[in-house]
Amino acid sequence: MAEAAVGKKVLDTGWLAARSTEVALTGVQLTTTQPPASDPDLDPAAPWIHAAVPGTVLGTLLKNQLIPDPFYGLNNQAIVDIADAGREYYTFWFFTAFQCPPSGNQHVTLNFRGINYSAEMYLNGHKEVLPKGMFRRHTIDITDILHPDGNNLLAVLVHPTDHPGRIPPQGGQGGDHEIGKDVATQYVEGWDWMCPIRDRNTGIWDEVSISITGPVNITDPHLVSTFHDDFKRSYLHCTLQLENKSSWVADCTLKIQVSTELEGNIFSVEHLQSYAITIPPDSDLEYTIPPLFFYKPKLWWPNGMGKQSLYNVEISVDVKGFGESDSWSHHFGFRKIESTIDHSTGGRIFKVNGEPIFIRGGNWILSDGLLRLTKKRYMTDIKFHADMNFNMLRCWGGGLAERPDFYHFCDVYGLMVWQEFWITGDVDGRGIPVSNPNGPLDHDLFLLCARDTVKLLRNYASLALWVGGNEQVPPIDINKALKNDLKLHPMFVSNQASKSEKHLSEESTDPSKYLDGTRVYVQGSMWDGFANGKGDFTDGPYEIQYPESFFKDSFYKYGFNPEVGSVGIPVAATIRATMPPEGWSIPIFKKRIDGYIEEVPNPIWDYHKFIPYSKPGKVHDQIELYGHPKDLDDFCEKAQLVNYVQYRALLEGWTSFMWTKFTGVLIWKTQNPWTGLRGQFYDHLHDQTAGFYGCRCAAEPIHVQLNLASYFIEVVNTTADELTDVAVEISVWDLDGGSPYYKVTEKIVVPPKKVKQIIEMKYPKMKDAKPVYFLLLKLFRLSDKGILSRNFYWLHLPGKDYKLLEEYQQKSIPLRVYSEISVSGIRHKLKMTVENKSKKSLTKSVHPVSTIDLVGDVSGSHDIGKETTQEGNESGSLWRKIRSGLSIARSNDNSRTLEVNGTDSGVAFFLHFSVHASGSATAKEKYNDTRILPVHYSDNYFSLTPGEKTAIDISFEAPPGSSPRVVLRGWNHHLDHAVVI
């Protein structure tokens, strides 16, 4: 039988599962004489079913339709909780078979990257205990127990956490807190934003693989870059473990290659070095590669600050008489992250490659509550955050030590990551009732998991910070050990730090010999530059606010807020797709004696943790400002208006105080791991809310904004370059399509990393100011009229509301939509150019907007300023649908033109695209959700003034055989104006 190739094979198919109480056989029998049938469908009476590995027990049961979808409606209440059924109920066998023939000179290990919570592993009749701990890797040498014929039988009996806890009737933050006694994720007992997970995420939840090596294997290389001469000179350091499993001396050649992709699949090899090493028999050797010199390497930058340049580092070891014995590779970004406390604001500052980064990001729980963590889902999640112009994600302590795929995409898209360990204030000593004041029961296990997590993640450029816990510090002994383990190497101690912290005696130690040594460790999320820095509960708030409040100096006192949150209702289609019809009723609006409205949700919304759009006694209902919602569609559309305004104001308000009062803010939170109804910018199905695009607008690196407290226009420059030769165009538009106010400022210069107050927006003080109006701000280059930032507001005069916009829904605004389509397999890319064909106002009292041609991309693209048309493509096979008010042209170059006829002039307000499949009819009792998700839009929920046009890039993967339709809707466009691809 031929030898297997050296390398790793992932075992992610062909798994079976069965409840342990329904299997009478032992692990020895299952993996020798009586394995289950490979296809359980052939024996319905057998307890075995197809398993989700990686995944959880609940994920497996759902895959086999043995439980209802726990995230749909109130289904989760019908699923048995582990507290009621007992741990045995969710103790499961997982079984698979794999091919791997033994070979005399090869060694094979079986690797589990994550099991929750403990297990017994059986392979070909041999047993191995996999100890407790959700965040530890297990590696078992199986060389001597492989079956001679290469057919291997593997069974794993997985046990839930020792202390799964019980969910109190009132719910609570982390249930009864018992889960805190174990080293596991804590959100599974439920939170004020999450339902309880009935199996507490029991399962083989991360990658399973076999690794085939020769006599010597490579373990946990540590890559570190150091810099000199203002980043002109750099060194790549590497320390790794080499293990000789043979009984003879291994004469080895260790090779390291560093390459970078130039374009396409063309790579440039920057370094190729080899070293002769001798390793005694049956021994381990720590080896530090001599530093590799780089001159002006391409640096990795956070999102919005530059490119995310990554090198490919490949390490291999050849053994004399055998050949290649093992290899390892990793993408690596040259960058230096520093973090200190800013003395002027008290907030924590992050510097990357010497440049201060104003942090605008969000809190991350995890992608999916059943741990269905795929590369594709991670890619979408992280790209969404980059699309919002965020630069940091905080991995909250009650969630996961995130997985390598998560970090890979953070590297690719430039999201810095704050990674917490598994401590939360609610569960570990500060909750109600107070419990686990000394944290987990097994402190040694916690530290083992922490150290192993560091080794797993430390080579990712995006990883910026280690934090001991959420709103709590670890127990004294754990905290002391983490501080020591994660102390900075002297080369990474900031100049602001005291000399006593520099560990001068260790100056000569190679930085790659540290466990990490390159990132700061902070003991808790409200300590040392976060919140008030002392551990008091000074994060938040977590509810609806008046938009102008975010701009007031009194809103938040401290320099860096790690958590501030608000509302998050998704679009109506998501409500219908995730709830039965009884969940489609909107909240009851109860008017109190004090004039405030209390929103009372239906029981399904209440279970899904709905946050109201009012705060009686503090904030009047923000949906009611637009008129009383008539039905679900009306409620959700008005909620999107509020979502956009709320989150744009939050980030613009924080940015208004950039470096003068604040160093950063993280929104609580950006998404939900289930179908929750609060604190999210996209829902669990991956459809974005309008808040997503409010954030995208507000967090532009270069941005023009209206301070809603002072009504001064401000220009934000977060970049390292001075902004020169620019001006701001200010235009006000009324509901009749006129422009009663217009102004272009003089030339502006904005220093790097500054916010500059430009001019007061005086329209509201004018005698004839309209009660509701639109404001369009454009920051543009004077040299070529290219737009750097565009920001569109809808506003009302003090004491007024937006109810006049209800009448505005009846406006019929003429539009033209050009589409350019590119299809490759299931991948679709479109450029949709939308033009408002209303006539521009030529009011004599103001300059017409057309005097400066600023028509362009609402996303703030730099390649705009010139108006282009495709009218030459409109002849030919043009066919008209007069009654629906639209027409479509199709031509051979895969472009389309869609005309939306209208008789009114004015702003095309709150337009948004969606993509749908031409789905078949389904049963009437089940909502037919035709949306194709996820879809990436360069912008959405946008508005166009008369004469304006913009280009929106859209990309998605369509189900095979579908005929995608791109649909345009808007506040005053109710017909489904669609382009069929």
Side-chain angles (χ1 to χ4, degrees), residues 113-114 116-117 132-137 161 163 173-174 177 179-189 191 201 205-206 339 348 363-366 392-404 406-407 416-431 436-458 460 462-488 514-530 535 539 562-563 666:
R113 208 164 64 186
N116 192 21
Y117 184 60
K132 300 172 184 177
M134 184 175 182
F135 304 109
R136 66 187 297 177
R137 294 171 293 174
T161 58
H163 303 89
Q173 311 292 79
H177 307 158
I179 195 75
K181 290 181 167 65
D182 298 324
V183 184
T185 185
Q186 298 181 358
Y187 83 96
V188 290
E189 277 206 68
W191 231 266
N201 280 162
W205 69 280
D206 200 3
S339 184
R348 182 161 285 276
N363 284 267
W364 169 269
I365 311 302
L366 70 162
M392 178 175 276
L393 283 173
R394 172 194 172 210
C395 292
W396 176 72
L400 299 180
E402 265 301 351
R403 299 297 88 194
F406 170 92
Y407 276 93
M416 294 190 292
V417 183
W418 152 344
Q419 178 67 65
E420 274 174 14
F421 295 110
W422 317 286
I423 297 287
T424 65
D426 296 287
V427 171
D428 295 289
R430 305 184 77 172
N436 308 315
N438 201 32
L441 296 179
D442 191 337
H443 290 197
D444 289 337
L445 174 60
F446 186 98
L447 287 170
L448 184 152
C449 289
R451 289 162 183 151
D452 199 49
T453 295
V454 172
K455 291 178 181 178
L456 179 66
L457 303 177
R458 62 190 177 185
Y460 289 97
S462 53
L463 178 56
L465 178 73
W466 300 108
V467 177
N470 164 64
E471 298 179 339
Q472 177 63 300
V473 299
I476 294 173
D477 59 322
I478 293 179
N479 197 28
K480 181 179 179 181
L482 289 174
K483 285 181 178 179
N484 183 66
D485 288 349
L486 297 173
K487 65 185 177 185
L488 291 174
Y514 276 48
L515 179 63
D516 186 332
T518 67
R519 302 169 178 92
V520 166
Y521 167 75
V522 175
Q523 58 186 342
S525 67
M526 299 187 300
W527 279 259
D528 304 324
F530 299 124
D539 48 7
E563 297 183 15
L666 298 176

Give the minimum heavy-atom separation between [X] and [Y], together with the two atoms involved.
{"X": "Ala481", "Y": "Arg451", "value": "CB-NH2, 4.1 Å"}
{"X": "Ser525", "Y": "Glu471", "value": "OG-N, 2.7 Å"}
{"X": "Val467", "Y": "Gly524", "value": "CG1-C, 3.6 Å"}
{"X": "Cys449", "Y": "Gly133", "value": "SG-CA, 4.1 Å"}
{"X": "Gly180", "Y": "Asn436", "value": "CA-ND2, 3.7 Å"}
{"X": "Asp516", "Y": "Thr518", "value": "OD1-OG1, 2.7 Å"}

Mind checking the [atom1]-[atom2] spacing from [X] to [Y]? Nearest 0.5 Å is all I need.
{"X": "Tyr460", "Y": "Glu402", "atom1": "OH", "atom2": "CD", "answer": "11.5 Å"}
{"X": "Leu456", "Y": "Arg136", "atom1": "CG", "atom2": "CZ", "answer": "14.0 Å"}
{"X": "Arg430", "Y": "Thr424", "atom1": "CZ", "atom2": "OG1", "answer": "11.0 Å"}
{"X": "Trp396", "Y": "Gln186", "atom1": "CH2", "atom2": "CD", "answer": "7.0 Å"}
{"X": "Asp428", "Y": "Asn470", "atom1": "CG", "atom2": "CG", "answer": "9.5 Å"}
{"X": "Leu447", "Y": "Leu482", "atom1": "CG", "atom2": "CG", "answer": "5.5 Å"}

How far apart are the C-alpha atoms of Phe406 and Val417, what are their side-chain angles, what is the distance that settles it, and do they pass the side-chain contact (heavy atoms from CB on, under 4.5 Å) test?
CA-CA 10 Å; Phe406 170 92; Val417 183; 4.0 Å; yes
Would Val427 and Trp191 count as a side-chain contact (heavy atoms from CB on, under 4.5 Å) if you check the C-alpha gap in whole Å, the side-chain angles of each, and the deciding distance to 0.1 Å?
CA-CA 11 Å; Val427 171; Trp191 231 266; 3.8 Å; yes
Who passes salt bridge (charged side-chain N to carboxylate O under 4.0 Å, His left out) against Asp528, sequence neighbours left out?
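Here no residue qualifies.
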Flag the pair [X] / [Y] as yes when at least one side-chain heavy-atom distance between them is below 4.5 Å, and no otherwise.
{"X": "Thr161", "Y": "Met134", "answer": "no"}
{"X": "Leu465", "Y": "Met392", "answer": "no"}
{"X": "Trp422", "Y": "Thr453", "answer": "yes"}
{"X": "Phe446", "Y": "Ile423", "answer": "yes"}

Compute whether any side-chain donor of one residue and acceptor of the other, for Asn201 and Tyr187, lie under 3.5 angstrom apart.
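There is such a pair between these side chains.
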Distance-only side-chain donor-acceptor flag, Gln523 / Asn479, under 3.5 Å
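Note: Gln523 and Asn479 side chains meet the donor-acceptor criterion.
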Is the CD1 atom of Ile476 crowded by more than 12 outside heavy atoms at less than 6.0 Å?
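Open.
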More than 12 heavy atoms of other residues, nucleotides or ligands under 6.0 Å from NZ of Lys181: is that the case?
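It does: Lys181 NZ has more than 12 such atoms within range.
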Indicate yes or no for a side-chain donor-acceptor contact from [X] to the backbone of [Y] under 3.5 Å, with no hydrogens or angles considered.
{"X": "Tyr117", "Y": "Val183", "result": "yes"}
{"X": "Thr185", "Y": "Gly398", "result": "yes"}
{"X": "Asn116", "Y": "Ala184", "result": "no"}
{"X": "Arg519", "Y": "Arg458", "result": "yes"}

Leu486 vs Val454, side-chain contact (heavy atoms from CB on, under 4.5 Å): CA-CA, chis, key distance, verdict
CA-CA 9 Å; Leu486 297 173; Val454 172; 3.9 Å; yes
Taking side-chain contact (heavy atoms from CB on, under 4.5 Å) as the test, write out the residues that go with Asp206, two or more places apart.
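Asp206 satisfies side-chain contact (heavy atoms from CB on, under 4.5 Å) with Arg113, Arg403 only.
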Only one of Trp466, Trp364, Tyr407 clears side-chain hydrogen bond (donor to acceptor under 3.5 Å, both in side chains) with Gln419; which?
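Between Gln419 and the candidates, side-chain hydrogen bond (donor to acceptor under 3.5 Å, both in side chains) is satisfied uniquely by Tyr407.
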Parallel, tilted or perpendicular, judged at 30° and 60°: which one describes the rings of Trp205 and Phe135?
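Rings of Trp205 and Phe135: perpendicular, as their planes differ by over 60°.
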Pairing of Asp452 and Arg137 as salt bridge, 4.0 angstrom limit:
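Here Asp452 pairs with Arg137 in a salt bridge, since their nearest N and O are under 4.0 Å apart.
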